Amino acid sequence: MSDWNRAIIEEFRANGGAVGGPFAGADLLLLTGTGARTGRRHTTPLGYLADGDRLLVFGSNAGGDRHPAWYHNVRADPRVTVEVGTETFEGVALPVEGEERDRLYARQGELVPAYAEYQRQTSRVIPVIALHRAHLDGRGWAIGDELVQIHNDLRAQLAGLREAVLASLDGRPAPLPDLRGQLREHCVSVCDVLGEHHDNEEGRAFPRLEAQFPGLAPVVERLRREHVEVTAARKELQAMVDDLGSADPGRVRAELDRITAELDAHFAYEEEQLGAVLNAVGPLWRTGPHRA
């Protein structure tokens with residue numbers, strides 16, 4: 001980080017987002033993203049334009065012929081932290097393209113003439129990046145919210161299966177032969193839904209995320225590894241239910257607790273790492289460029 005940027009960042013944070021000098025009175029935010037090559041977090045002061053529930057930043061690089069480093073970082077990994085005024089929020093940075101980009105950049109050039117001059121100085125198209133809050137309040141096609149709902153449904157089904165198995169071990173609700181058939185059917189249903197969910201992710205969502213945001217590759221690779229482990233856990237769960245009459249109750253309880261905990265940790269990691277990104281890209285994946 002340059003001494004120039006460091007001084008602006010320190011002044012910004014010390015004064016609730018206000019800075020002096022050449023940026024006095026300007027709309028300024030701090031954008032923190034992950035370095036595409038280093039993997040380290042980097043903070044950059046940027047001018048912004050408020051546009052509805054999103055903030056727009058511009059890869060002007062003062063009219064230079066190359067895109068700024070922060071732009072390459074958010075194209076690799078769109079997960080960012082934004083500081084504006086006294087507020088800090090987690091967000092997702094997505095490019096605005098085509099006619100919408102031209103319209104928004106022209107608006108910024110009218111409000112701050114320096115931006116119009118920056119575009120005149122270079123042959124490259126200066127990028128416009130929209131910063132979306134991590135939660136879009138149901139706007140658009142919220143794939144991340146759908147992901148959480150699927151996970152919650154699976155959590156509930158797994159909890160129901162666990163309770164039924166424990167009830168069987170305790171000799172509670174119904175004669176074991178009848179209950180065993182019900183448990184087997186329930187277990188197959190849960191495992192089939194879980195398998196279909198992961199097949200959809202592997203076949204559609206993960207390749208698309210990797211292609212669009214290569215910086216997410218470590219997250220996707222971890223999830224793929226966990227999917228292999230989840231497949232093994234599904235098989236163990238089905239085998240356990242099939243052999244419930246002769247299995248050691250203590251072992252069954254311990255295995256149920258382990259499998260349930262592993263699945264919940266897998267769901268939680270995926271929601272934390274990808275939920276906001278999926279919410280933000282949903283409208284783009286389904287309908288094309290976002291319209292304000």
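Being a predicted model, the structure only gives us computed values, none of them experimental. Quick note: residue numbers are just sequence positions, from 1.
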Following the transitive rule for hydrophobic clusters with a side-chain heavy-atom cut-off under 4.5 Å over Ile, Leu, Val, Met, Phe, Trp and Tyr, establish whether [X] and [Y] coincide in one cluster.
{"X": "Trp4", "Y": "Leu28", "value": "yes"}
{"X": "Val125", "Y": "Tyr105", "value": "no"}
{"X": "Leu278", "Y": "Val148", "value": "no"}

Just checking, is any N or O donor in the side chain of [X] or [Y] under 3.5 Å from an acceptor N or O on the other one?
{"X": "Arg41", "Y": "Thr81", "result": "yes"}
{"X": "Gln149", "Y": "Asp153", "result": "yes"}
{"X": "Arg75", "Y": "Gln212", "result": "no"}

Any heavy-atom pair between the side chains of [Y] and [X] that's under 4.5 Å?
{"X": "Glu236", "Y": "Ile259", "result": "yes"}
{"X": "Leu30", "Y": "Thr44", "result": "no"}
{"X": "Glu210", "Y": "Leu216", "result": "no"}
{"X": "Ile143", "Y": "Val277", "result": "no"}
{"X": "Val92", "Y": "Leu94", "result": "yes"}
{"X": "Tyr115", "Y": "Ser60", "result": "yes"}
{"X": "Thr43", "Y": "Arg13", "result": "yes"}
{"X": "Leu49", "Y": "Phe58", "result": "yes"}

Not counting sequence neighbours, which residues clear salt bridge (Lys or Arg N to Asp or Glu O under 4.0 Å) with [X]? List them please.
{"X": "Glu201", "value": "none"}
{"X": "Glu87", "value": "Arg133"}
{"X": "Glu10", "value": "none"}

Flag the pair [X] and [Y] as a salt bridge only when some basic side-chain nitrogen lies within less than 4.0 angstrom of an acidic carboxylate oxygen.
{"X": "Glu110", "Y": "Arg107", "value": "no"}
{"X": "Lys235", "Y": "Glu229", "value": "no"}
{"X": "Arg124", "Y": "Asp65", "value": "no"}
{"X": "Arg54", "Y": "Glu100", "value": "yes"}
{"X": "Arg225", "Y": "Glu221", "value": "no"}

Over all atoms of both residues, closest heavy-atom pair of [X] and [Y]:
{"X": "Gly203", "Y": "Pro207", "result": "O-CG, 4.0 Å"}
{"X": "Ala211", "Y": "Pro214", "result": "O-CD, 4.3 Å"}
{"X": "Asn73", "Y": "Ala36", "result": "OD1-N, 2.9 Å"}

Let me confirm one number: the [atom1]-[atom2] distance from [X] to [Y], rounded to the nearest 0.5 Å.
{"X": "Tyr118", "Y": "Gln121", "atom1": "OH", "atom2": "CD", "value": "8.0 Å"}
{"X": "His266", "Y": "Glu271", "atom1": "NE2", "atom2": "CD", "value": "9.5 Å"}
{"X": "Arg120", "Y": "Ile126", "atom1": "CZ", "atom2": "CD1", "value": "10.5 Å"}
{"X": "Glu83", "Y": "Ile9", "atom1": "CD", "atom2": "CD1", "value": "8.5 Å"}
{"X": "Leu56", "Y": "Arg101", "atom1": "CG", "atom2": "CZ", "value": "11.5 Å"}
{"X": "Glu226", "Y": "His198", "atom1": "CD", "atom2": "NE2", "value": "8.5 Å"}

### Task
Could you please spell out the steps behind the side chain to side chain contact (heavy atoms under 4.5 Å, CB included) verdict for Asp27 and Leu111?
CA-CA 11 Å; Asp27 291 325; Leu111 294 171; over 6 Å; no
### Message
Checking Leu263 against Leu158 for the side chain to side chain contact (heavy atoms under 4.5 Å, CB included) test, could you report, in this order, the C-alpha distance in whole Å, the side-chain angles of both residues, the deciding distance, and whether it holds?
### Response
CA-CA 9 Å; Leu263 285 170; Leu158 285 164; 3.5 Å; yes
### Query
Excluding sequence neighbours, so at least two apart, what forms ring pair (Phe, Tyr, Trp, His ring centres under 6.0 Å) with His197?
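Applying ring pair (Phe, Tyr, Trp, His ring centres under 6.0 Å) to His197 gives His151.
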### Task
Go through the structure and list residues passing ring pair (Phe, Tyr, Trp, His ring centres under 6.0 Å) with Phe213, not counting sequence neighbours.
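Ring pair (Phe, Tyr, Trp, His ring centres under 6.0 Å) list for Phe213, sorted by chain: empty.
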### Query
Does Val82 sit in a hydrophobic cluster with other residues, and if so which ones, taking ILVMFWY side chains as linked at heavy-atom separations under 4.5 Å, directly or through other members?
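Result for Val82 is Leu29, Leu31, Leu46, Tyr48, Leu55, Val57, Trp70, Tyr71, Val74, Val80, Val84, Phe89, Ile129, Leu131.
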### Query
Is there a side chain to side chain contact (heavy atoms under 4.5 Å, CB included) between Leu223 and Val219 once you walk through the steps?
CA-CA 6 Å; Leu223 290 171; Val219 173; 4.1 Å; yes
### Message
Can a donor-acceptor pair be found, under 3.5 Å and without considering hydrogens, that links the side chain of Asp264 to the backbone of Arg155?
### Response
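Looks like no, no N/O pair under 3.5 Å.
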### Task
Would you check if the side chain of Asp77 reaches a backbone N or O of Arg79 as a donor-acceptor pair within less than 3.5 Å?
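Yes, the answer is positive, given that a donor and an acceptor are paired below the 3.5 Å cut-off.
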### Query
Is atom CZ of Arg204 surrounded by more than 12 heavy atoms (other residues, nucleotides or ligands) closer than 6.0 Å?
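Counting other residues, nucleotides and ligands, CZ of Arg204 stays at 12 neighbours or fewer.
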### Task
Would you please classify the geometry between the His227 ring and the Phe206 ring as parallel, tilted or perpendicular, with 30° and 60° separating the classes?
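Rings of Phe206 and His227: parallel, under 30°.
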